[in-house]
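Single-structure report; data block below.
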Amino acid sequence: MSRAVFFASPDYFETLGIVPALGRAFTASDNEPGAPLTAVLSFSMWRDALASDPAVIGRALTVAGKRVIIVGVAPRDFRGLRLSSSPDYYMPLRTVANVGDPMANYLDTDAMARMSSPYAWIRIIGRIPGQRSFQETVQRLASLWPEARDYARFTLVGLNDAALPASARGTTAQFIRLLVATVALLLLAGCLTVGMLLLHR
């Protein structure tokens, strides 16, 4: 069974304010060349594949034929930044070179097929200081990474929009409407049944 891996920088969890349920998050040393391969499991993978084993920290799993050490477990309510595609585990960004082609592991493969930039699969997340505008932040990012101008322009998206992309929003809204209509019909049927029983008496 294939697993979905999400490659992240060492400060990914810290930036989002996420504290692991078990173990620790990544550190800068996890992202250094030659360091042991490490992973933070999603809560659902820890629960379903490893039976919520509290002694899982320090155990190894195999990813693309490589030995990867489990260093942490994400909290129950954290499913990543894309609600439509939750990762099974998270690995430091530099491990892309160790465990295979990032294009094959990235969660949004349809979008990947449309991208020509070698950097386009990497998304930057962060917290903007209250005194700085979106435009100032974009300019600052462009100055820190001038090579990106040759490939793509920076756009800032709120976490709510990132969690549920526009491409999935229509389908999700349609599903919610169908769910509401189904519940309403069930409630109506229940009310009619109760009414018929009362009239029968």
Tell me if the CD atom of Glu14 is crowded by more than 12 foreign heavy atoms within 6.0 Å.
no
Rounded to the nearest 0.5 Å, what's the gap from CD1 on Ile69 to CG on Leu61? Could you check?
8.5 Å
So do Pro92 and Thr38 actually touch side chain to side chain, heavy atoms under 4.5 Å?
yes
Step-by-step side chain to side chain contact (heavy atoms under 4.5 Å, CB included) determination, Ser52 to Trp46:
CA-CA 5 Å; Ser52 301; Trp46 174 63; 4.0 Å; yes
Taking 4.0 angstrom as the limit, do Arg47 and Asp53 come out as a salt bridge?
no
Below 30° counts as parallel, above 60° as perpendicular, anything between as tilted: where do the rings of Phe6 and Tyr90 land?
perpendicular
Ignoring hydrogens and angles, state whether a donor on the side chain of Asn98 or Thr95 is under 3.5 Å from an acceptor on the partner side chain.
no
Non-hydrogen atoms of Pro20 and Pro75 that approach each other most closely:
CA-CD, 4.1 Å
Might you work through the side chain to side chain contact (heavy atoms under 4.5 Å, CB included) test for Leu37 and Arg67, ending with a clear yes or no?
CA-CA 7 Å; Leu37 301 182; Arg67 186 174 184 268; over 6 Å; no
Looking only at heavy atoms, which two atoms of Ser9 and Asp11 are closest? And how far apart?
OG-OD1, 2.7 Å
Just so I know, are the side chains of Thr27 and Pro10 near enough to count as touching, which here means a heavy-atom distance under 4.5 Å?
no
Find out whether Asp88 and Leu41 are in side-chain contact, i.e. whether some heavy atom of one side chain is under 4.5 Å from a heavy atom of the other.
no
Kindly give the heavy-atom pair with the smallest separation between Gly80 and Pro87, and that separation in Å.
CA-CD, 4.5 Å
Taking side chain as C-beta onward, heavy atoms only, is Phe7 less than 4.5 Å from Val99?
yes
Stepwise, does the side chain to side chain contact (heavy atoms under 4.5 Å, CB included) test hold for Arg24 with Asp30?
CA-CA 11 Å; Arg24 63 172 177 83; Asp30 291 318; 2.7 Å; yes
Quick check: closest heavy atoms across Ala74 and Ala21, and the distance to 0.1 Å?
O-CB, 3.8 Å
Testing the basics here: between Ser42 and Val73, what is the closest heavy-atom pair and its distance to 0.1 Å?
O-CG1, 4.2 Å
Minimum side-chain heavy-atom gap Val40-Val71 below 4.5 Å:
yes
Side-chain touch Leu16/Phe78, heavy atoms, less than 4.5 angstrom
yes
Please evaluate residues Met91 and Asn31 with respect to the criterion side chain to side chain contact (heavy atoms under 4.5 Å, CB included), reporting the C-alpha separation (whole Å), side-chain torsions for both, the decisive distance (0.1 Å), and the verdict.
CA-CA 9 Å; Met91 294 184 67; Asn31 207 48; over 6 Å; no
Test item: Thr62 and Val68 side chains (from C-beta on) under 4.5 Å apart, heavy atoms:
no
Heavy-atom pair with the smallest gap, counting every atom of Ser86 and Arg79
OG-O, 3.3 Å
Walk me through it: do Phe26 and Phe13 pass the test ring-ring contact (aromatic ring centres under 6.0 Å, His included)?
CA-CA 8 Å; Phe26 302 135; Phe13 292 100; 5.8 Å; yes
